[in-house]
Amino acid sequence: QVQLVESGGGLVQPGRSLRLSCAASGSIFSIPAMGWYRQAPGKPRELVGTITSGGITNYGDSVKGRFTISRDNAKNTMYLQMNSLKPEDTAVYSCNAVVKVSSATPSTLYWGQGTQVTVSS
């Protein structure tokens, strides 16, 4: 019923920027919150940041000051602007969303498939 699709990943050089998108589609009444997570090989999944429908954000310590999350509620899309990228930012970046499919039901968490970001010279 609900699908999240990330896009914008790729290979970038250290110090450069990249912008990821996460588009939600399907049966959606509202999306109270969305988030970005990342996972490097052999490492646990790590919080990148979250954003509420009202635009309130929080970030993981490792990306604070370099990454910015925003969202376009009309498009059900969240963005991750990544600046000053470092090799240690290399990971699969996944988005999730807390979605209400109707006004009367509890929210459900959905995950996207992930997009690879590789930061290398």
Side-chain angles (χ1 to χ4, degrees):
Q1 287 293 319
V2 177
Q3 184 180 27
L4 301 179
V5 179
E6 302 95 336
S7 61
L11 174 64
V12 297
Q13 293 181 301
R16 301 294 291 268
S17 298
L18 201 63
R19 186 174 184 249
L20 306 182
S21 299
C22 171
S25 61
S27 181
I28 297 172
F29 176 77
S30 66
I31 306 178
M34 304 181 76
W36 286 101
Y37 293 79
R38 67 185 185 183
Q39 188 168 27
K43 294 286 189 178
R45 181 178 290 158
E46 177 187 25
L47 170 71
V48 176
T50 61
I51 186 168
T52 70
S53 60
I56 300 172
T57 57
N58 77 286
Y59 298 94
D61 290 339
S62 63
V63 306
K64 197 171 298 182
R66 297 187 298 123
F67 291 9
T68 302
I69 294 174
S70 61
R71 64 186 281 177
D72 185 337
N73 291 338
K75 297 180 179 179
N76 287 328
T77 300
M78 173 180 61
Y79 306 96
L80 179 64
Q81 179 66 45
M82 304 184 292
N83 298 326
S84 301
L85 283 163
K86 306 173 181 179
E88 50 262 46
D89 294 319
T90 296
V92 174
Y93 284 72
S94 301
C95 68
N96 70 8
V98 177
V99 178
K100 288 184 68 68
V101 299
S102 76
S103 63
T105 58
S107 299
T108 301
L109 182 66
Y110 294 89
W111 285 90
Q113 82 288 350
T115 185
Q116 177 71 46
V117 173
T118 302
V119 185
S120 176
S121 298

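The disulfide (SG to SG under 2.5 Å) contacts involving residues 40-76 comprise nothing, where partners must be two or more places apart or lie in separate chains. The list of salt bridge (Lys or Arg N to Asp or Glu O under 4.0 Å) pairs with a residue in residues 105-116, not counting sequence neighbours, is empty. For residues 17-121, every residue pair satisfying the disulfide (SG to SG under 2.5 Å) rule, not counting sequence neighbours, is listed here: C22-C95. For the side-chain hydrogen bond (donor to acceptor under 3.5 Å, both in side chains) condition, the pairs that include at least one residue of residues 6-17, sequence neighbours left out, are E6-Q113, S17-N83. The stretch residues 46-89 participates, sequence neighbours left out, in no disulfide (SG to SG under 2.5 Å) pair at all.
Residues L4 and A24 share a closest heavy-atom pair of CD2-CB, 3.3 Å. Between D89 and S84, the closest heavy-atom pair is OD2-O, 4.3 Å. The shortest non-hydrogen separation linking S53 to R71 is N-NH1, 3.2 Å. When all heavy atoms are compared, the tightest approach of V119 to T90 is N-OG1, 2.9 Å.
T105 pairs by the side chain to side chain contact (heavy atoms under 4.5 Å, CB included) definition with V101, S102, not counting sequence neighbours. Not counting sequence neighbours, the partners of T118 by the side chain to side chain donor-acceptor pair (under 3.5 Å) test are Q116. With sequence neighbours left out, S107 forms a side chain to side chain contact (heavy atoms under 4.5 Å, CB included) with P32, V98, K100. The side chain to side chain contact (heavy atoms under 4.5 Å, CB included) check on V63 picks up R38, V48, Y59, R66, F67, with sequence neighbours excluded. K64 pairs by the salt bridge (Lys or Arg N to Asp or Glu O under 4.0 Å) definition with D61, not counting sequence neighbours. The ring-ring contact (aromatic ring centres under 6.0 Å, His included) search around Y37 returns W111, not counting sequence neighbours.
Cluster partners of I56, using a side-chain heavy-atom cutoff of under 4.5 Å among ILVMFWY residues and allowing indirect links: none.
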**Message:** Determine whether V99 and Q1 satisfy the following criterion, side chain to side chain contact (heavy atoms under 4.5 Å, CB included), listing intermediate values before the conclusion.
**Reply:** CA-CA 11 Å; V99 178; Q1 287 293 319; over 6 Å; no
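Using a 4.5 Å heavy-atom cutoff, the side chains of M82 and V117 are in contact. At a threshold of 4.5 Å between non-hydrogen side-chain atoms, the residues T108 and V2 do not count as touching. Contact annotation: the side chain of S25 never approaches that of N76 to less than 4.5 Å [non-hydrogen atoms, C-beta and beyond]. Contact of the I51 side chain with the W36 side chain is not registered, since no non-hydrogen atoms from C-beta on lie closer than 4.5 Å.
Rounding to the nearest 0.5 Å places CD of Q81 at 9.0 Å from CG of L20.
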